[in-house]
Amino acid sequence: MTTDCGAPIWILILGIIFPTGLSNEHFFITNSISEGLLPSCGALRKQYEEDERLSFAPFPPDISGQWISERCEIRPGPEFIARKYEFYKNHTFKMIQFFYGDPNCVLPLYSLVAHGSFDPIGPSWVTPGGLEIDFTLFNVKATPYTNDVAEELFYRINRTCPDIVQKRHWKPHHQYLIYSYDDDEHDESSNLTDYDCLHGIHAVFNEIQLIRIIKRPGRIISFSPRSKFNMKSYLYLGDIHPVPEGRFSYRPTSYQEPLISVDTAIHCHTCAKIIRSSVHNPPHLHPRSSVSVALKNDWISRGCEVLSYGTFLKRHYTFETPELRVRKRKRLTSTWRAEINYFSDPSCLHPIYSTNLQGTYAVGRESSVQGFQNMEIITTSTILTPQDASIVANLNGHSGDVCGKQGSWILGGSQELAKTSGCMGLGIFLPRREKSLIKTERDSRDFGLLYLGVSQVLSDETRNNKPTSIHPPLVNCKKDDIDGNEISPLSYSMPLNSCSKFPTSTISFTLFVVVHLIVNHSWTL
């Protein structure tokens with residue numbers, strides 16, 4: 001039996017079973033690149049809201065067990081890192097941090113392993129939903145993986161603790177004690193007490209001071225409401241100060257990318273590599289897809305996001321670029337719009353105000369942060385809509401027209417802030433010129449992701465500063481139809497009677513696999 005394409009149907013079935021990633025023309029990429037096959041923003045938003053409805057955050061959280069990174073993470077600095085943490089029932093912990101020289105975590109530089117204890121304090125007053133914790137470090141050991149890194153670590157540690165480091169040279173894959181607390185019970189091999197050489201490499205572990213666990217559905221197949229899922233457990237730990245010198249006195253008020261419990265880390269190749277790793281066998285993660293995604297389109301938050309000091313929000317960005325034939329005739333600027341909704345709770349159920357922003361942007365050269373490009377953003381318009389009575393009272397309490405027209409704010413009423421050059425009470429200034437970072441990529445399910453850097457307002461004081469902190473990724477989607485009809489969510493299936501949607505490269509590769517199996521294993525069909 002054959003399809004309309006003239007190809008045997010078993011070829012197409014095997015093509016689905018053995019998809020190839022050797023060509024950028026294969027089914028998953030070509031279909032998801034096509035704007036017509038993108039999931040609609042409304043469909044994605046509904047799915048995320050459904051997932052949030054099924055999610056819950058146990059309190060107080062039980063963090064006992066092993067937690068690992070799902071992907072290569074980017075910390076301010078920038079630092080490229082993968083984490084493997086284990087917390088025990090007796091309130092002690094072992095935290096392993098693997099540091100890399102590339103944004104794909106392929107080339108390990110060194111690792112840090114820390115042992116210590118922790119004690120819960122109580123709910124966070126600064127970041128609602130979080131649990132504050134006190135901790136004590138017992139010891140920290142560093143393991144370099146190359147000769148150059150060993151020499152660099154030795155130099156930086158010796159400069160910080162010249163009376164502690166006695167050896168002249170460090171060697172790759174050897175462990176070296178760089179922090180010790182006076183407690184021989186926890187480190188019998190150490191005859192040194194109370195020394196701290198962590199400042200030399202800006203190493204901190206105060207992320208454990210703020211924690212939150214969320215259990216939410218993990219979609220296995222697609223974003224279809226009928227797709228199967230299993231509940232996954234995620235551990236959110238405190239954020240890292242964007243300036244390395246400020247890390248040691250900083251207490252977290254936001255979160256990093258979450259770690260996933262090894263008990264729920266299924267269908268995750270990266271997780272498997274990290275689970276099997278150790279300080280003597282660091283994980284070498286797979287490079288991410290080099291297929292970028294066109295910036296022009298809509299991008300939305302995957303869920304409720306949190307910024308510093310308990311700011312909860314959801315974002316929706318739209319980027320537009322002039323068509324090439326128009327740009328050839330005259331110079332046009334690229335424009336952007338954003339709708340940002342702010343909430344008072346970590347589940348984003350209680351809105352307090354929203355902002356609609358507009359402006360222009362320009363993407364520049366490759367950034368010093370590997371994988372990113374520099375970006376300049378200009379905000380020319382901001383419309384503010386208060387959605388909470390306390391916000392209305394606050395806005396009407398300002399004297400003079402420093403945040404819209406004085407005394408004119410009402411619940412649900414919108415005002416353009418450009419006339420008053422922004423809103424001082426909410427930290428909004430117009431016009432505003434900022435520098436940021438930008439990167440697009442595809443996740444394991446071939447959905448487009450957009451990473452934007454934490455912007456810094458351009459001024460004489462910040463002109464030489466470089467943003468290195470990254471916001472959570474936004475997901476690519478198609479603007480909803482005007483008539484309210486939404487396309488079906490993208491799933492990994494295709495009609496067998498569609499020739500054009502099944503690339504020749506996939507059929508060719510499938511034939512190669514079949515012939516290879518027959519020749520080498522004497523299999524017959």
Side-chain donor-acceptor contact under 3.5 Å, S354 with E339: no
Working for salt bridge (charged side-chain N to carboxylate O under 4.0 Å, His left out), residues E441 and K439: CA-CA 7 Å; E441 66 177 24; K439 180 178 75 167; 3.6 Å; yes
Side chain to side chain, T440 and N476, heavy atoms closer than 4.5 Å: no
Validation row, ring centre F135 to ring centre F205 under 6.0 Å: no
Side-chain H-bond candidate by donor/acceptor type, E207 with Y255, under 3.5 Å: no
Full working for side chain to side chain contact (heavy atoms under 4.5 Å, CB included) between F93 and I63: CA-CA 10 Å; F93 63 79; I63 64 173; over 6 Å; no
Note, V454 side chain near S436 side chain (heavy atom, < 4.5 Å): no
Under the ring pair (Phe, Tyr, Trp, His ring centres under 6.0 Å) test, residues paired with H199 that sit two or more places apart: F248
Check: W409 main-chain N/O paired with N396 side-chain donor or acceptor under 3.5 Å: yes
Minimum side-chain heavy-atom gap T380-T360 below 4.5 Å: no
H286, NE2: over 12 other non-hydrogen atoms inside 6.0 angstrom: no
Passing option when C423 is tested against L430, V402, L395 for side-chain contact (heavy atoms from CB on, under 4.5 Å): L395
Any donor-acceptor N or O pair under 3.5 Å, side chains R315, H471: no
Heavy-atom pair of closest approach, residues P58 and I213: CD-O, 3.6 Å
F56 side, atom CZ; M231 side, atom CE - distance, nearest 0.5 Å: 5.0 Å
Backbone N/O of T318 and side chain of R337: donor-acceptor pair under 3.5 Å: no
Spacing of OG belonging to S111 relative to NZ belonging to K84, to within rounding of 0.5 Å: 11.0 Å
Let me check something: any side-chain donor-acceptor pairs from residues 382-389 under 3.5 Å, sequence neighbours excluded? List them with distances.
residue, atom, partner, partner atom, Å
T385, OG1, S414, OG, 2.5
D388, OD2, S390, N, 3.0
D388, OD2, S390, OG, 2.2

Side chain to side chain, W67 and L237, heavy atoms closer than 4.5 Å: no
Single hit among E305, H350, K314 for side-chain contact (heavy atoms from CB on, under 4.5 Å) with F343: K314
Test side chain to side chain contact (heavy atoms under 4.5 Å, CB included) applied to N104 and C72, step by step: CA-CA 6 Å; N104 293 316; C72 185; 5.7 Å; no
Donor-acceptor under 3.5 Å (E70 side chain, A265 main chain): no
Heavy-atom check, side chain of Y85 versus side chain of L235, under 4.5 Å: no
Test item: H284 side-chain N/O and V106 main-chain N/O as donor-acceptor pair under 3.5 Å: yes
Whether D239 side chain and T253 backbone form a donor-acceptor pair below 3.5 Å: yes
Side-chain donor/acceptor of Q256 to backbone N/O of I240, under 3.5 Å: no
Atom pair CG (L131) and CZ (F59), whose distance is rounded to the nearest 0.5 Å: 4.5 Å
Note, I438 side chain near L450 side chain (heavy atom, < 4.5 Å): yes
By ring pair (Phe, Tyr, Trp, His ring centres under 6.0 Å) - contacts of Y451 (at least two apart): none
K419 side chain vs G404 backbone, donor-acceptor pair below 3.5 Å: no
P217 side chain near D51 side chain, heavy-atom distance below 4.5 Å: yes
Verdict with supporting geometry, E416 and S381, side-chain hydrogen bond (donor to acceptor under 3.5 Å, both in side chains): CA-CA 7 Å; E416 168 63 66; S381 170; 2.6 Å; yes
Under 3.5 Å donor-acceptor, R247 side chain and H202 backbone: yes
Shortest non-hydrogen contact from P128 toward P346: O-CG, 3.6 Å
Gap between atom CD of Q97 and atom CZ of R83 - 0.5 Å precision: 7.5 Å
pair I391-Y342: side-chain heavy atoms closer than 4.5 Å: no
Carboxylate-amine/guanidinium contact R53 E50, below 4.0 Å: yes
Exam field: side chain R212 to backbone G129, donor-acceptor pair closer than 3.5 Å: yes
N/O donor-acceptor pair under 3.5 Å between D134 side chain and I121 backbone: no
Chi angles and distances behind the side chain to side chain contact (heavy atoms under 4.5 Å, CB included) call for W299, L449: CA-CA 8 Å; W299 306 82; L449 300 179; 5.5 Å; no
Closest contact, heavy atoms only, Q415 versus S408: NE2-OG, 2.7 Å
Nearest heavy-atom neighbours spanning F319 and L295: CB-O, 3.6 Å
Salt bridge present between E434 and R432 (N-O < 4.0 angstrom): yes
Atom pair CG (L285) and CZ (F98), whose distance is rounded to the nearest 0.5 Å: 10.0 Å
Electrostatic pair D298:K479 at N-O distance under 4.0 angstrom: yes
Reported CD-to-CD1 distance for the pair E73 and I470, which is rounded to 0.5 angstrom: 13.0 Å
